[in-house]
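Report on the following structure.
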Number of protein chains: 2
Amino acid sequence: MEDQDNHIPFNDADIDRAARCLKAMSHPLRLKILCVLGNNSILGKDQFSVQDIVKQVGTSQSNISQHLAILREKDILKSTKEANQVFYTIHDDRMLQLIKMMREVFCGNC
Amino acid sequence: MEDQDNHIPFNDADIDRAARCLKAMSHPLRLKILCVLGNNSILGKDQFSVQDIVKQVGTSQSNISQHLAILREKDILKSTKEANQVFYTIHDDRMLQLIKMMREVFCGNC
DNA sequence: TCTCAAAATAGAAATAGCGCTATCTTTTTG
DNA sequence: CAAAAAGATAGCGCTATTTCTATTTTGAGA
């Protein structure tokens, strides 16, 4: 019963998936996008157009669009097209929960 | 009362700090290091030498050392030197809590 | 149809991150 | 003292990200 081969059963697939997801969230602009959407998912407004996001976050439309694409590809956000505009929301409850957790940890009492 | 200038008061400093922290965590090897340390902080073993981590995570000593440095610089881990060895632990309770949250979200029922 | 606005995309340049080998410091041991 | 072991660090080539400008696509309205 030596310690050869008693590694903890961490599922590498889970870890890779989590790392990809966290990486997608770990950019200041993307995190701010998530804060805007997450905060308002709680308060009531759950639809944000790209233009809304551009105004709230503050950078070029092109830049926002690319960051939104990254978040969309990773299933962190989902989009709905309505006529001329595209609206974005947090993809599911798990993501919303994660965003709330992060705000507690990073924006709480520090 | 138009919507000009009703941006939500997100503290950009908080967001930047959070993004840097998340970025440091969002690499498969670093996340695995955190899982190893976090899991054992719960179970009782709270001291892991670099060699222990190398064995558990599975890559070169040099590579682990560099990733540990990144986690240390961001105050996610702290280290204690005892004679020949250096032991690593999760820096504080907030980080431990965050790691637990992530495991719930990513390794829960999926 | 013509034009405008919303959103996405392409291409390019700069920067950052990764992992490797080799080297260096510090401590233990013979 | 010499050799070995534990960690940390430096330098290098490579790949991935980021952000910018310019362009394209799609739908709305005069």
Side-chain angles (χ1 to χ4, degrees), chain A residues 2-4 12 15-34 36-37 47-89 91, chain B residues 2-4 12 15-34 36-37 47-89 91:
Chain A
E2 288 300 310
D3 73 349
Q4 76 178 40
D12 279 0
I15 287 184
D16 282 2
R17 197 165 43 84
R20 268 194 299 274
C21 188
L22 289 179
K23 189 177 187 179
M25 306 173 79
S26 68
H27 182 282
L29 291 181
R30 292 199 287 272
L31 198 52
K32 199 165 177 182
I33 291 172
L34 294 178
V36 169
L37 293 181
Q47 292 268 40
F48 266 72
S49 75
V50 176
Q51 285 302 315
D52 290 337
I53 298 170
V54 168
K55 280 174 199 154
Q56 295 276 340
V57 174
T59 179
S60 70
Q61 179 269 323
S62 166
N63 199 6
I64 287 288
S65 190
Q66 289 177 83
H67 286 301
L68 287 174
I70 290 171
L71 292 170
R72 185 161 27 89
E73 286 163 11
K74 302 292 185 300
D75 282 335
I76 298 172
L77 298 184
K78 62 185 172 188
S79 62
T80 315
K81 188 164 192 175
E82 271 177 37
N84 213 6
Q85 292 172 295
V86 178
F87 292 94
Y88 279 87
T89 32
H91 188 276
Chain B
E2 290 298 310
D3 72 350
Q4 79 179 39
D12 279 0
I15 288 184
D16 282 2
R17 199 165 41 86
R20 268 194 300 273
C21 188
L22 289 180
K23 190 176 189 178
M25 304 173 83
S26 67
H27 182 283
L29 291 182
R30 292 198 288 270
L31 199 50
K32 199 166 177 181
I33 290 172
L34 295 178
V36 168
L37 293 181
Q47 291 268 41
F48 267 72
S49 74
V50 176
Q51 284 303 313
D52 290 338
I53 297 170
V54 168
K55 281 174 197 155
Q56 294 275 340
V57 174
T59 178
S60 70
Q61 180 268 322
S62 166
N63 198 7
I64 287 289
S65 189
Q66 289 178 82
H67 286 300
L68 288 173
I70 290 171
L71 292 170
R72 184 160 28 88
E73 285 163 11
K74 302 294 183 303
D75 281 336
I76 299 172
L77 298 184
K78 63 184 172 187
S79 61
T80 314
K81 187 163 191 174
E82 271 177 36
N84 211 7
Q85 291 172 295
V86 177
F87 292 95
Y88 279 87
T89 33
H91 189 276

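In the text below, chain A, chain B and the rest are named by the order of the sequence lines, each starting its count at 1. What's counted below: heavy atoms across the whole structure, side chains too, no hydrogens, waters or symmetry copies.
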The side chain to side chain donor-acceptor pair (under 3.5 Å) partner of A/Asn63 among A/His67, A/Gln61, A/Gln66 is A/His67

Which whole-number value in Å describes the distance from [X] [atom1] to [N] [atom2]?
X	N	atom1	atom2	answer
A/Tyr88	C/dA8	OH	C1'	8 Å
A/Gln85	D/dT26	CD	C1'	13 Å
B/Asn84	C/dG30	CG	P	13 Å
B/Arg20	D/dT17	CZ	P	20 Å
A/Met25	D/dT17	CE	P	17 Å
B/Leu68	C/dG19	CG	C1'	15 Å
B/Leu71	D/dG7	CG	P	16 Å
A/Gln66	D/dT23	CD	C1'	13 Å

Distance (rounded to the nearest 0.5 Å) between [X] [atom1] and [Y] [atom2]:
X	Y	atom1	atom2	value
A/Leu71	A/Ile64	CG	CD1	9.5 Å
A/Lys78	A/Thr89	NZ	OG1	5.0 Å
A/Gln47	A/Asp52	CD	CG	10.0 Å

Among D/dG7, C/dT26, D/dG27, the one nearest any side-chain atom of B/Gln61 is D/dG7

Testing D/dG27, D/dT9, C/dT27 for proximity to the side chain of B/Arg72, the answer is D/dT9

* When all nucleic acid strands are considered with a 4.0 Å heavy-atom cut-off, which category describes B/Gln51: base, sugar-phosphate, or nothing? -> sugar-phosphate

**Message:** For the backbone of A/Lys23 and the side chain of A/Ser26, can you confirm whether one donor and one acceptor N or O come within less than 3.5 Å of each other?
**Reply:** yes

Taking B/Arg30 for the side chain and B/Ala24 for the main chain, is one N or O donor matched with an acceptor at less than 3.5 Å? yes

Sorted by chain and number, sequence neighbours left out, side chain to side chain donor-acceptor pair (under 3.5 Å) with B/His27 holds for none

| said: Please determine whether side-chain contact (heavy atoms from CB on, under 4.5 Å) holds for the pair B/Ile76 and B/His91, giving the CA-CA distance in whole Å, both sets of side-chain angles, and the decisive distance to 0.1 Å. | reply: CA-CA 5 Å; B/Ile76 299 172; B/His91 189 276; 5.7 Å; no

Note: for B/Ser49 and A/Ser62 on DNA chain D, the residue whose nearest nucleotide lies more 5' is B/Ser49

Subject >> Criterion side-chain contact (heavy atoms from CB on, under 4.5 Å) on B/Val86 and B/Leu68, from CA distance to verdict >> reply: CA-CA 11 Å; B/Val86 177; B/Leu68 288 173; over 6 Å; no

Rounding to the nearest 10°, end axes of the helix from C/dT1-D/dA30 to C/dG30-D/dC1 built from five pairs each make an angle of 10°

Any protein N or O atoms within reach of nucleotides 16-18 of chain C? Criterion: under 3.5 Å, listing atom names and distances.
residue, atom, partner, partner atom, Å
C/dG17, OP1, B/Lys23, NZ, 3.1
C/dC18, OP1, B/Arg30, NH2, 3.3
C/dC18, OP2, B/Arg30, NH1, 3.3

